[in-house]
Amino acid sequence: MPTSNLGKFIRGFERFRQDYFRGNTELFDKLRHGQDPDALVISCCDSRADPAIITNCAPGDLFVARDVANLVPPYEPDGGHHGVSASVEYAVLCLGVEHIVVLGHSQCGGIGALVDGGVHGAGGEFIGRWMSICQDEVRAVLEATEGEPDDTRRRACEQAAILVSLRNLMSFPWVRERVEAGRLCLHGWYFDIRRGELSVYAPEELAFRPLVSGEERLRAPRQASAAG
Ligand SMILES: [Zn+2]
């Protein structure tokens, strides 16, 4: 028997229905007729990195695809079951989103599996194969950062995986076409759970730069939330 039960989720739904659903009738009346999200977010399954919560979004704002380590596979129209690719296709071709955000995070178990190796590393029936999407880049980062603190190396690997996803997104012809025409923007974001910090990839600097740091958030909460 499981040691926990789903009672808190049921009570949570009751509160949602009572407060949020009934308190936002205009929003839900609109959403009944369809969705028009501003962005597709591809994020990790990790329970600590929920994109809608960390961006303070409402229902209808984000179209979200979650998978292990927020990876996007390359464009492979080979008849396989490509869940993430289907999400990208729907968001871009059917919903016409203007932004795709690949949202990575600190302490990612998927990346940790690749970094640490071992039974969780290459193992499992599906995870090892899935993580092979970024294994070459992670290996290269580990070689380049040898001797540096584990935290730094792990962070560099997590951020490298975001770049792999961005690169693979560009292998989808209809993504590339829209990006080149200026109709679609790709973004790499990194959420640091420990620091409560969001960093954004700056292509001109080839680096992630803090957008809202934990310190700023504590010092000037109003400014920080306006920027976010
Ligand atoms: Zn993760």
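Just follow the structure's listing: the first ligand is 1, and inside any ligand the first atom is 1. Remember, it's a predicted structure, so these values are computed and weren't measured experimentally.
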Show me the side-chain donor-acceptor pairs of residues 6-31 shorter than 3.5 Å, one per line, residues at least two apart or across chains.
{"unit_1": "Gln18", "atom_1": "OE1", "unit_2": "Arg22", "atom_2": "NH1", "d": "2.9"}
{"unit_1": "Asn24", "atom_1": "ND2", "unit_2": "Tyr20", "atom_2": "O", "d": "2.8"}

message: So which atom in Cys108 and which in Glu158 form the shortest heavy-atom distance, rounded to 0.1 Å?
response: N-OE2, 3.0 Å
2.8 Å cut-off (strict), protein N, O or S atoms about the Zn ion (ligand 1):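 Counting protein N, O and S atoms closer than 2.8 Å to the Zn ion (ligand 1) gives 3.
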- request: Check whether any side-chain heavy atom of Tyr90 sits under 4.5 Å from a side-chain heavy atom of Val88, and report yes or no.
  value: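 No. Closest side-chain heavy atoms not under 4.5 Å.
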- prompt: Mind checking whether Trp174 and Tyr75 have parallel, tilted or perpendicular rings, split at 30° and 60°?
  reply: perpendicular
field: Donor-acceptor under 3.5 Å (Ser43 side chain, Val64 main chain)
entry: no
- prompt: Can you tell me how far OH of Tyr201 sits from CG of Leu186, rounded to the nearest 0.5 angstrom?
  reply: 12.0 Å
